[in-house]
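One structure below.
To find a chain, count down the sequence lines: A is the first, B the second, and so on, and within it residues start at 1.
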2 protein chains.
Amino acid sequence: MTDIMIRILPKQDILDPQGKTIHQALHNLGFHQVQEVRMGKQIRISLPNLQEKEALDACKKMCEELLVNPLTETYTLETLPL
Amino acid sequence: MTDIMIRILPKQDILDPQGKTIHQALHNLGFHQVQEVRMGKQIRISLPNLQEKEALDACKKMCEELLVNPLTETYTLETLPL
């Protein structure tokens, strides 16, 4: 039983329109201390029949084949506690 | 200088159509070991002039006022290493 969290962020030098929109909205609400906002995704994958090593390998393949755009995004994998 | 990551997930009993779509796409690609996919957001907030405690308090207010729907979502805050 392994749950993996895939965490995806836009690369640092890539424009992030969602982050910019949130930044503007926070500013309008009075949060003037915010310097930057970056908006990303997190995807929790439940793999009940795999051990941690196999689950991490499978999630890496999922990122490469579907979930992450290597041109614009970076990702990390984290094994979640049961 | 404090960077806070806000991590948002749909509540466990809430339908997650994005997660379901990803689950189906992974299945079509041959990842049959996946039992469940939950899709959430992560938002990195840079607060260069606040100490950690103030930054966490500010991010909690941002979640309550704009970023998180308390009916359908849960969130956690994490201070990022410099």
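Other residues, nucleotides and ligands contribute only 12 or fewer heavy atoms inside 6.0 Å of the CD atom of B:Gln18. The number of heavy atoms from other shown groups lying within 6.0 Å of CD (B:Gln51) does not exceed 12. Around atom CD of B:Glu64, more than 12 heavy atoms belonging to other residues, nucleotides or ligands sit under 6.0 Å away. Within 6.0 Å of NZ on A:Lys20 lie no more than 12 heavy atoms contributed by other residues, nucleotides or ligands.
For the pair A:Val34 and B:Met62, the tightest heavy-atom approach, listed with the atom from each and the gap, is CG2-CE, 3.5 Å.
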Side chain to side chain contact (heavy atoms under 4.5 Å, CB included) between B:Gln33 and A:Asn49, worked out: CA-CA 7 Å; B:Gln33 324 93 318; A:Asn49 298 316; 5.8 Å; no

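Looking at B:Ile6, there are no atoms closer than 4.5 Å to chain A (heavy atoms on both sides), in backbone or side chain. For B:Leu50, the part lying under 4.5 angstrom from a heavy atom of chain A is the side chain only.
Taken to the nearest 0.5 Å, the NZ atom of B:Lys41 stands 10.5 Å off from the CD atom of A:Gln42. In this structure, A:Glu65 CD and B:Leu26 CG are separated by 9.0 Å, a value rounded to the nearest 0.5 Å. Interatomic distance, A:Gln35 CD to B:Ile45 CD1, rounded to the nearest 0.5 Å: 12.0 Å.
Using a 4.5 Å heavy-atom threshold, the side chains of B:Arg44 and A:Asp16 count as separate. Two residues are said to be in side-chain contact when any heavy atoms from C-beta on lie closer than 4.5 Å; B:Arg7 and A:Met5 fail this criterion.
Across B:Met39, B:Arg38, B:Glu54, the residue that shares the most heavy-atom pairs under 4.5 angstrom with chain A is B:Arg38. Residue with the most contacts toward chain B among A:Ala25, A:Gly40, A:Ala58: A:Gly40 (heavy-atom pairs, distance under 4.5 Å).
Hydrophobic clustering keeps B:Ile14 apart from A:Ile43 (ILVMFWY residues linked when any side-chain heavy atoms are closer than 4.5 Å, directly or through intermediates). By the criterion of side-chain heavy atoms lying less than 4.5 angstrom apart, applied directly or through intervening Ile, Leu, Val, Met, Phe, Trp or Tyr residues, B:Ile22 is not grouped with B:Ile8; the two fall into different hydrophobic clusters. One hydrophobic cluster, built from ILVMFWY side chains closer than 4.5 Å, cannot hold both B:Leu80 and A:Leu77; they sit in different ones. Cluster membership check: B:Tyr75 does not share its hydrophobic cluster with B:Leu9, using side-chain heavy-atom separations under 4.5 Å among Ile, Leu, Val, Met, Phe, Trp and Tyr.
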